[in-house]
Amino acid sequence: MDEHPSPEATTTDSEPSRYRPGNIEPRWQQRWADEGTYEIDNDDPREAGFVLSMYPYPSGPAHIGHVRNYTFGDLLVRYHTMQGKGVLSPIGFDSFGLPAENAAIKSGVHPRPFTEERIAELSSSLRRIGAVYDLRRTIKSHDPAYIRWNQWFFLKFYEAGLAYRSTAIVNWCPGCHTVLANEQVIEGRCERSDDLVERRDMAQWFFKITDYAQELLDNLDDLDWPQRVKLMQRNWIGRSEGAEFGLPIADDTGNARADVDPLPVYTTRPDTSFGMTFAVMSPEHPRVQELTTSEQLEAVAKFQAEVANRSEIDRLSTDGAIDKRGVFTGSSVVNPFTGNTIPLYLADYVLMTYGTGAIMAVPGQDQRDWDFASAYGLDIVRTVQPPDDFDGEAFVGEGPAINSQWLDGLGIDEAKSKAIEWIESEGLGSRKVNFRLRDWLASRQRFWGCPIPIIYCDDCGMRPAPESDLPIVAPDDVEFRPTGESPLRYHEGFLHTTCPGCGGPATRETDTLDTFVDSSWYFLRFADPWNEDEPFDQEAVKKFLPVDQYIGGIEHAILHLMYARFYTMALSDLGYAPNDLREPFKRLFTQGMVRMGGSKMSKSKGNTESPEAWVDAHGADALRLAILQAKPPAEDVDWEDFQLEGCERFLNRVWRLAAADPTLIDGVRDGEPTENDREIGAATHRLIDRIGGEYERWAYNTAVAGFMEFTNTLYKYAQSDDGPHGPTLASAVDTLLQLMAPAVPHITAELWSLRHEGEHIHELLWPEADPEQLTVSSITMVVQLNGKVRDRIEVSPDISDSDAEAAALASARIVSQLDGAKPKKVIVRAPKLVNLVV
RNA sequence: GCCCGGGUGGCGGAAUGGCAGACGCGGCGGAUUCAAAAUCCGCUGUCCGAAAGGACGUGUGGGUUCGACUCCCACCCCGGGCACCA
């Protein structure tokens with residue numbers, strides 16, 4: 001089963017001074033597994049840590065993107081372990097999902113064995129790159145033990161009103177009779193059948209993430225996350241403050257009708273209400289029929305049908321002609337501020353999912369409204385005075401209110417408050433906070449997912465499945481239709497059940513949960529994956545959570561990370577997670593993607609690169625090092641840019657140095673260290689100081705440069721005329737190996753065991769830099785003339801400003817360039833720089 | 001389109017308002033070798049110059065500053081996300 005050579009076969013190497021990763025790596029991987037080096041028990045006495053890389057979708061052998069992700073994670077696990085912590089390092093598999101289902105439809109093979117095979121392949125890849133996990137804790141989201149608690153949480157959310165059923169627009173393929181993922185819609189057509197995709201309203205399950213909008217927003221401030229991710233989440237939540245108020249419907253004479261409810265609109269700019277010259281409803285608005293006049297019925301129906309087939313991205317785009325993107329309803333409403341009658345339109349860019357689904361349009365202060373007004377010949381009234389030099393159209397900047405009666409002259413903020421006070425005092429509406437965030441549509445019309453534990457009874461209606469039924473697992477004896485329809489809908493054994501209320505015949509929900517549900521709490525289960533009585537024990541969660549370092553791709557910046565945060569808050573409120581655990585991930589690192597030829601790698605593009613061939617031929621350590629060296633981890637990288645050969649060459653250099661290759665090190669010196677030896681010693685301590693800092697701030701590429709520079713220094717030292725000082729060289733090399741151990745674990749473990757028999761480098765503590773050794777006696781001070789470097793002077797690090805200035809003015813090169821002139825100004829930044837301005 | 005990033009030698013990158021190009025790749029030269037590979041040593045932004053040295057140079061155009069790859073404004077190009085890929 002295991003193709004790796006046995007340890008006995010490789011320990012006796014006739015040429016111990018050759019670096020042979022093919023022998024070394026499997027042996028150490030076996031040892032870490034056998035000894036459980038990175039297995040952490042819940043009663044581990046060390047300070048607990050939790051380093052987690054986002055669990056992968058198992059797509060087969062690791063691709064280079066996986067390898068990059070898990071290399072970063074592994075480095076941190078090993079680094080923090082060397083700092084004396086008991087670091088929880090689990091792995092799992094996000095094993096439900098569309099690709100396995102698509103493969104099943106194509107091949108007829110059930111997704112379960114297909115997925116299990118992919119998991120085995122990926123697991124093997126991860127082991128072979130030297131990534132270490134506590135494999136006893138492995139979680140697979142399609143595992144019935146996980147499904148059970150996933151469904152149990154769904155029921156708890158349902159009981160608490162956090163899960164509910166409503167309708168939503170989905171992509172419907174009329175040919176396949178199935179719902180399509182956005183990804184399956186190619187230019188408006190089904191990728192399977194090429195039918196024109198319809199957008200259809202269907203019953204769906206939702207999670208009430210909007211209940212947590214404010215906390216999701218507020219907590220961001222205190223998270224140690226990349227600023228850009230926090231910014232994207234803030235914008236996604238999209239909190240806005242404004243007012244919601246009703247526009248009375250006008251009768252034929254232009255007066256407000258008392259017998260019909262006003263049309264509520266939401267605005268963030270109530271201060272501009274005097275400039276409202278028309279109003280717009282979303283084409284899906286429930287009152288469209290009611291508010292369309294008979295003459296306009298046909299045009300409105302036509303428009304609604306057109307919009308129904310447009311994606312939201314299209315609808316929100318400000319590209320293209322606007323004159324075809326709206327239609328007049330024939331009705332009018334009253335602007336309550338001016339008393340004027342204004343026309344009521346429909347427009348595609350107004351969405352039913354935001355605000356009230358209807359807006360007041362103020363072309364003077366909103367460019368899209370301006371464009372619309374221009375296209376349809378509607379009035380434009382400015383209500384904010386633009387500056388004199390303003391030559392644009394709609395003005396969104398700051399300025400005094402104009403054309404606004406009792407608001408005239410006020411600034412935006414003041415005018416807003418006063419307008420809202422008036423709206424409230426007139427009983428038209430009130431101040432309102434709105435969020436762009438929508439509830440989470442969590443049901444999928446698919447087979448390969450976690451079934452939603454709900455039962456429908458003709459008599460009792462919708463009923464939660466009894467807890468004793470859990471887990472409800474998708475059946476194995478199913479037939480996949482080429483159309484992509486979920487087989488659950490036709491599987492009699494799955495579909496038919498008895499009603500938990502009346503005991504009569506009933507049917508099961510055939511929708512499954514979004515795979516983001518699976519990934520919204522797996523990190524909690526890692527703390528206590530063996531628990532059969534509850535999803536996890538609170539004490540176990542308290543020991544390890546929140547995750548100290550979460551690592552994953554930037555593509556998850558919004559959805560997964562938002563859903564996982566919501567789940568943690570909800571579970572905390574429901575009492576299943578500790579009540580003070582509000583945020584799951586204390587620190588987040590989002591790595592860039594690995595691209596091939598400049599574009600995102602994906603199976604559909606066929607441009608994935610398998611790193612296995614490289615590992616086979618040259619070893620995992622060189623690959624890991626190349627990944628670390630290539631780029632800052634946060635940035636995207638092209639596979640073509642990895643410098644695998646250079647890294648392999650470097651590891652060979654380290655090997656020759658540490659294995660004391662006699663062609664490199666021709667004997668060492670004993671006795672007292674010389675000045676030069678002491679400088680090597682100091683450089684060693686500077687390296688400790690440097691690498692620790694670089695690991696902490698994810699500067700792995702410069703850490704690798706540090707290893708290389710230091711190795712170059714030691715090569716010169718080893719080949720110097722008077723030869724290296726034995727103890728100094730030994731200490732320098734040992735330190736280098738320790739610092740490199742988290743990055744390239746196999747070669748460093750092997751070399752360390754060669755140099756220190758019986759010792760395991762990964763069980764050593766991280767070296768500490770001696771502060772005394774970090775002080776320097778002189779530093780290079782730059783002397784500039786008008787900001788251009790003209791000289792460099794060696795000075796004491798604690799030189800005073802005046803001495804620095806004097807030294808600069810005394811420089812021969814400065815004296816000749818100044819040619820007797822006096823500097824007008826002298827900028828001194830002792831001891832680094834003096835700038836003379838003439 | 002909207003939200004978020006990024007643009008530095010032949011290439012990947014370094015430099016968190018203070019020496020632009022660390023380190024690596026590639027290239028060139030030397031040592032070693034019968035020869036080659038491997039290895040070791042050195043040089044390598046562009047232009048002018050024999051050299052010393054000088055000028056130019058971080059996507060484009062402006063600005064702030066004694067000083068800008070770094071901060072601000074506008075634009076161009078590339079990448080991620082946009083709620084059913086994960």
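Small disclaimer: the values here were computed from a predicted structure and weren't measured. Chain letters run A, B, ... following the sequence lines, proteins first, then strands; residues in each count from 1.
The side-chain tip of Arg624(A) does not point at the ring of Trp614(A) from less than 6.0 angstrom away and within 45° of straight on. Taking the ring axis of Tyr354(A) as reference, the NZ or CZ atom of Arg438(A) does not stay both within 45° of it and closer than 6.0 Å to the ring centre.
Going from atom CG of Asn786(A) over to atom C1' of U65(B) covers 13 Å, rounded to whole Å. Taking atom CG of Leu833(A) as the reference point, atom P of A68(B) lies 12 Å away to the nearest angstrom. Between Asn171(A) atom CG and C82(B) atom P there is a gap of 13 Å when expressed in whole angstrom units. For Asn701(A) and G24(B), the CG to P distance is 14 Å, given to the nearest whole Å. To the nearest angstrom, P of C2(B) lies 17 Å from CE of Met232(A). Taking atom OH on Tyr700(A) and atom P on C23(B), their separation rounds to 23 Å, with Å as the unit. Taking atom CH2 of Trp448(A) as the reference point, atom P of A86(B) lies 13 Å away to the nearest angstrom. One atom, CG of Leu651(A), and another, C1' of G24(B), lie 13 Å apart when rounded to the nearest Å.
When distances run from any side-chain atom of Trp236(A) to the nucleotides A83(B), C23(B), G80(B), the shortest one goes to A83(B). Considering only the side chain of Asn182(A), C84(B) comes nearest among C84(B), A86(B), C41(B). Which of C23(B), C84(B), A86(B) sits closest to the side chain of Leu441(A) comes down to C84(B). In the set C66(B), A86(B), G54(B), C66(B) carries the atom at the smallest distance from any side-chain atom of Arg829(A). Distances were taken from every side-chain heavy atom of Ile313(A) (C-beta onward) to each of A83(B), A14(B), U16(B); the shortest belongs to A83(B). In the set C4(B), C66(B), A86(B), C66(B) carries the atom at the smallest distance from any side-chain atom of Asn835(A). Residue Gln643(A) has its side chain nearest to C11(B) when only C11(B), C23(B), C40(B) are considered. With distances taken from any side-chain atom of Arg649(A) to the nucleotides C25(B), A22(B), C66(B), the minimum falls on C25(B). The side chain of Met593(A) lies closest to G80(B) when the candidates are C66(B), G80(B), C84(B). Looking at the side chain of Thr515(A), the nearest of the listed nucleotides C4(B), A86(B), C23(B) is A86(B).
Using a 4.0 Å heavy-atom distance criterion, Arg368(A) is classed as making no nucleic acid contact.
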Give the C-alpha distance, both sets of side-chain angles, the deciding distance and a yes or no for side chain to side chain contact (heavy atoms under 4.5 Å, CB included) between Arg792(A) and Met781(A).
CA-CA 6 Å; Arg792(A) 297 176 178 86; Met781(A) 184 177 80; over 6 Å; no
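Under the Watson-Crick or G-U wobble criterion, with both distances below 3.5 Å, A74(B) is paired with U60(B). Pair check for A37(B) finds none; no Watson-Crick or G-U wobble contact set falls under 3.5 Å. In a base pair of the Watson-Crick type (N1 to N3 plus N6-O4 or O6-N4) or a G-U wobble (N1-O2 and O6-N3), with each distance short of 3.5 Å, G42(B) is matched with C28(B). The pairing partner recorded for G12(B) is C23(B), the criterion being a Watson-Crick or G-U wobble arrangement whose two distances lie under 3.5 angstrom. Base-pair partner of G49(B): not found among the strands shown (Watson-Crick or G-U wobble, both distances under 3.5 Å). Partner assigned to G1(B) is C82(B), using Watson-Crick or G-U wobble distances below 3.5 angstrom.
Atom name P, nucleotides U64(B) and U70(B): the rounded distance is 15 Å, in whole Å. For the P atoms, the distance from A15(B) to A20(B) is 16 Å, rounded to whole Å. Nucleotides C40(B) and A51(B) place their C1' atoms 30 Å apart, quoted to the nearest Å. U44(B) sits 10 Å from G9(B) when the C1' atoms are compared, rounded to a whole Å. Rounded to whole Å, the separation between the P atoms of C84(B) and C69(B) comes to 45 Å. Here the separation of G59(B) from G6(B), taken at their C1' atoms, is 11 Å to the nearest Å.
Ranked by how close their nearest RNA chain B nucleotide is to the 5' end, Asn235(A) and Asn652(A) are led by Asn235(A). Comparing Gln629(A) and Ala442(A) along RNA chain B, the residue whose closest nucleotide (by nearest heavy atom) sits nearer the 5' end is Gln629(A).
Gln719(A) has a side-chain polar atom (N or O) that falls below the 4.0 Å cut-off from OP1 or OP2 of C41(B). Distances shorter than 4.0 Å separate some side-chain N or O of Lys788(A) from OP1 or OP2 on C56(B). Distances shorter than 4.0 Å separate some side-chain N or O of Gln817(A) from OP1 or OP2 on G54(B).
Sparse packing is recorded around CG of Asp666(A), with 12 or fewer heavy atoms of other residues, nucleotides or ligands lying under 6.0 Å away.
Between Glu312(A) and Leu351(A) there is a side-chain heavy-atom pair separated by less than 4.5 Å.
Looking at Ser519(A) and Asp94(A), their side chains never bring a donor and an acceptor atom within 3.5 Å of each other. In this structure, a donor-acceptor pair under 3.5 Å is present between the side chains of Arg653(A) and Asn712(A).
One N or O on the side chain of Glu509(A) and one on the backbone of Asp511(A) form a donor-acceptor pair closer than 3.5 Å.
In this structure G7(B) sits in the anti conformation; its chi angle is more than 90° from 0.
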